[in-house]
Amino acid sequence: MGVDSSDSGVSVTNELVDFVKKSLKEGASIEKIRRKLLKKGWEADAVDLAINQTETGSTIKQPSFKEEKEIKKYDITSKDIPLTVRIVKAKGEYVPIYEVSLSSIGPSTQIILENIRKDLISKVNLGMVDITDPKKSSYVEDKFFDATQLLVKKYFPAADDFTIKYLTSYMVQKSLGMGDIELLMADAQLEEIAINSSEEPVWVFHREFGWLKTNIVMNSEAQTRHYAAMIGRKVDRQISSLEPLMDAHLDGGDRVNAALMPVSTKGNTITLRKFAAKPWTMTDFIRTNTLSASASALIWQGIQFELSTLIAGGTASGKTSMLNAIGNFFPPNQRILSIEDTREIQLPKFLHWIPMVTKFANTEGRGEVTMLDLLVNSLRQRPDRILVGEIRRKKEAEVLFEAIHTGHSVYATVHANSTQETITRLTSPPIEVPKSMLPALSLIIVQFRNRRTGTRRTFELSEIKENGDPNILMKYDIKKDILQNKNKSSTILKTLEMYAGFTEQEVKGQLTEKETILKWLVKQNINMVDDVGRVMAEYYTDKENLLKTVKKNKKFEG
Ligand SMILES: Nc1ncnc2c1ncn2[C@@H]1O[C@H](COP(=O)(O)OP(=O)(O)OP(=O)(O)O)[C@@H](O)[C@H]1O
Ligand SMILES: [Mg+2]
């Protein structure tokens, strides 16, 4: 059993592909075909493969608009496939077009490839056992790759090894993955990929240019639904007419949300939020003017002395990124626990850290592990610090405050646009914690996304007074694009005085020292999580030595 590329092998999947081809010709919908095949007892993965082999998924359209100006052009590769990206202003289009092209695969080659691909399944004998066992899926991919490669070599006898390899990769992506959508996933400049319906092109959110229309179009609503179902199956979730919404995350950390018709009225939608390959660090934030070195020093001071902190902000304002960045400041000798719905946080790898994620119920409705379950459980794992993805409900908030009261420092995000809104959000339903509990929190960092320019900034940095009211220490001035000092701190200084025994003067000295180190991090361009973490570890274990290096503006040899 397994894969061989001999034409004579009787392929189990041949029968499947023939059925799919025939049904499609007769006008049956993909969904109906799938249902029929599943009823007949075929494994879902085998059915998907057969459908992918027969359908083309999406199409890379030739430009049909009049180009006015090329805004940017760059090359990327997706699993060895060389691609060219052009961002162009087109006549009559309100947003620029994101045009991806397989730079080295000409139209005629593409036609041949498409023929090979459709032909492939009848030439490749994929054993049923192989494709239905999830543990073997990478094995299947390897075997599939090998078989495809043999065919590519046969059809393109003159091609060099490199060409053979990427043509093969391209075909495998089309057959086992999400086709052209995966090409977009390879562009590190894209934050989000959105399929809204098969009537309009796929949209992308570009770091530099915001939302753009691509030249990729889904071929049918059924294809989108099919991709959603494929993703769902990989993560043991179901999406169907009965359960038309799905929130999941892929192996690599990318987040996926899907909503099917008729809930989504225009068409089946899939929104992919790409996982940041390089997590944000404080160095990046200071360098890009997200916040000032002095604001960052204050946050660091708070983290060092175990003050619990909330990070607020609107959707995609950078809350999780900030949570990640403040994780840089943790000392190396403490136990850290993180709880998230999807795995986003990336701390320095040498920290004593246990990352946990919630789990949805499986297709039979069993095995759910909620944020609350994990939070309650975490208290028995003796953490010093607890990071919580997002607080949404009363129970979570209660356990969180309970954790603070029992001596843990807690860092969590909450959806609110300002300090005041954070307080209101926390004290009203559905979270509804009594205001008297709020002083357990020391700091609130509010993140903000400029709706015009798309830039992210720290909007407010506040402390909570003993009566539960906030005191805004720094506030963003949008005209000057700087974070400005507002009110003098009362509570934090008092807390540090009371629990750490520092005078105000000493705290000021420590803040200046921290600011100097942060500026040096920027100057030396130390911006990778592990590297920033190592500098912090040095600070906590051998500060004098670190300061010597910083004062001489030398490289860090830690
Ligand atoms: N300071 C920043 N400067 C530029 N881009 C940023 C900054 N912070 C975050 N981003 C980018 O903004 C996007 C959203 O960030 P993030 O996921 O941290 O936001 P969020 O507020 O947690 O979103 P959500 O509401 O979906 O949880 C990501 O692509 C991230 O890389
Ligand atoms: Mg987030």
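Values below: all heavy atoms of this structure, side chains included; hydrogens, waters and symmetry mates excluded. Whatever order the structure lists them in is the order used to number ligands and atoms, beginning at 1.
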Notebook entry, point to check: So, are E515 and K519 salt-bridged, with charged N and O less than 4.0 Å apart?
Noted result: yes

Check: What residues come within 4.0 Å of ligand 1, counting heavy atoms only?
Finding: E191, R207, R255, R273, W280, F285, T290, G314, T315, A316, S317, G318, K319, T320, S321, R456

Checklist line | Protein N/O/S atoms closer than 2.8 Å to the Mg ion (ligand 2) | finding: T320 OG1

Notebook entry, point to check: Is it the case that E306 and Q334 place a side-chain donor and acceptor less than 3.5 Å from each other?
Noted result: yes

Margin query: Testing the 3.5 Å rule here: is there a donor-acceptor pair between the side chains of T358 and D341?
Written below: yes

Margin query: I need the minimum non-hydrogen distance between F459 and L483, along with the two atoms involved.
Written below: O-CD1, 4.1 Å

Note to self: Testing the 3.5 Å rule here: is there a donor-acceptor pair between the side chains of D373 and T370?
What the structure shows: yes

Margin query: I'd like to know if the side chain of Q173 pairs up with that of S78 as donor and acceptor (distance under 3.5 Å, no hydrogens or angles considered).
Written below: yes

Margin query: If we count only N and O atoms by modelled type, under 3.5 Å, do the side chains of N215 and E99 hold a donor and an acceptor together?
Written below: no

Check: Mind checking whether F329 and Y411 have ring centres under 6.0 Å apart?
Finding: no

Margin query: Check R225 with E221, please: is the shortest side-chain N to carboxylate O separation under 4.0 Å?
Written below: no

